[in-house]
Amino acid sequence: MNATAKETTRLVQLRKDAHRQVALVDEPDLRPLTGFASVYELALEAIRLGTKLSELARRSASVERLSYDLIYSGRSDRRILPPVDFPGEPSRCLVSGTGLTHLGSARHRQDMHVKEEELTDSMKMFRWGVEGGRPAAGQIGTPPEWFYKGSAANLRAHGEPLVIPSFGEDGGEEAEIAGVYIVGPDAKPRRIGMVCGNEFSDHRFEKKNYLNLAGSKLRTCSLGPELVLDPAFDSVPGEVSIKRSGELLWSKQIRTGEAEMCHSLVNIEHHHFKYEAHRRPGDVHVHFFGADSLSFGAGVELKAGDLMQVRFEGFGRPLVNPLQIADSSQSLIHAIPLG
């Protein structure tokens, strides 16, 4: 089944001054939800009522209609927010990811770190996933690679810049789909839905040494603009592209979803939530599922002002973010002793 084979419920989060809204996507309009200022509040209420999130969202949609075109293009006094967060306490939203799930990403890693004909640790880990990442029902499979991206403080919305920090060596897009989760009062994780994402990373820093992977992931990343509550996730076609000065610089047709990955969704979710610390009631989790292809692997070096666009069928309007490069000057960060 393809992502376009079923009707989906899609939501956006908006802000006008200090006022937040959740809105149902009803193209070409948005219909604000009554009684909910965030997806987080909506999800908690769905758990409390024991109802489907999509049913609660549609039941709460007002008759008011907003122009999605105006808001999406930045011509409205309402601003698009990341489609999920933890309002007022960003540290309660863990952003993480799973790597080496797609053949394309494994090949790029192999090319980054290969020495002569040696099989790198990346390719070994990918092969372990091929062999054991899709276990039989009820069984536990091989754990995938796992990495930490930060908290909701690192999340950016459609239209917001992704930044190469002063200490960064590079910045490149990673077009992915991410799962969005909330941990209920009973300490059980619930999948809220999925989002289109750009898991922006520093590939040049990583290429120097595989042990730099952890640091290369601690960057801003983007989600949205829409949260899909009930998507199909078998084989999802998409496209990633880079524009420079209004002209197309690079693009590629991509695919993600369980049929395109060496790990099943159940296996990925088990190995993320098996840690007790990841099952703290009330926490939100955003977990990237891996990329099919990178412009970095094609020799593209992004420059300030380049526009990165990610689109997946069934996941709403494209996610577009400009690249921003911070001032390259650095100052030494001192830890002040309290002893």
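Values in this document were obtained by computation on a predicted structure and should not be read as measured data. Excluded from the calculations below are hydrogen atoms, water molecules and symmetry mates; all remaining heavy atoms, backbone and side chain alike, are included.
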* Asked: Would you say T220 and Q324 make side-chain contact, with heavy atoms under 4.5 Å?
  -> no

* Asked: Residues in ring pair (Phe, Tyr, Trp, His ring centres under 6.0 Å) with F200, at least two apart?
  -> none

* Atom OG in S54, atom CG in D230: separation rounded to 0.5 Å? -> 5.0 Å

* Residues D327 and S329: side-chain donor-acceptor under 3.5 angstrom -> yes

* Exceeds 12 heavy-atom contacts within 6.0 angstrom, atom NZ of K274 -> yes

* Exercise: do E239 and S241 side chains pair donor with acceptor under 3.5 Å -> no

* Look only at the side chain of N267 and the backbone of P135, and say whether a donor-acceptor pair between them is shorter than 3.5 Å. => no

* Asked: Out of curiosity, Q309 CD to L248 CG, how far, rounded to the nearest 0.5 Å?
  -> 9.5 Å

* Asked: Can you hop from L53 to L227 via hydrophobic side chains spaced under 4.5 Å?
  -> yes

* Who are the ring pair (Phe, Tyr, Trp, His ring centres under 6.0 Å) partners of Y40, not counting sequence neighbours? -> F86

* Heavy-atom donor-acceptor pair, Q13 side chain to V39 backbone, under 3.5 Å -> yes

* Asked: For Y181, which residues count as a ring pair (Phe, Tyr, Trp, His ring centres under 6.0 Å) partner, sequence neighbours excluded?
  -> F273

* Do the charged groups of E45 and R48 touch, with an N to O distance under 4.0 Å? -> yes

* To do: Calculate, to the nearest 0.5 Å, the distance between atoms CZ and CG belonging to R15 and D77 respectively.
  => 13.5 Å

* Structure fact -> Interatomic distance, CG@L302 vs CG@D170, rounded to 0.5 Å, equals 7.0 Å

* Atom pair CD/CH2 of E173 and W250 - distance to nearest 0.5 Å -> 5.0 Å

* Asked: Short question: side chain of T101, backbone of M261 - any donor-acceptor pair under 3.5 Å?
  -> no

* I192 CD1 to L11 CG distance, which is reported to the nearest 0.5 Å -> 10.0 Å

* Report the relative orientation of the aromatic rings in F289 and H287; use parallel for angles under 30°, tilted for 30 to 60°, perpendicular for over 60°. => perpendicular

* Sequence neighbours excluded, every pair satisfying salt bridge (charged side-chain N to carboxylate O under 4.0 Å, His left out) that has a member inside residues 31-40 -> D26-R31

* Please write out which residues are connected to V12 in a hydrophobic cluster, directly or through intermediates, given that two of Ile, Leu, Val, Met, Phe, Trp, Tyr count as joined at side-chain heavy-atom separations below 4.5 angstrom. => L14, V25, L30, L66, Y68, I71, Y72, I80, L307, V320

* Atom CD of E64 with >12 non-hydrogen neighbours under 6.0 angstrom -> yes

* **Residues K217 and E206 bridged, charged N to O under 4.0 Å** => no

* **ILVMFWY clustering at 4.5 Å (side-chain atoms), partners of L70** => none

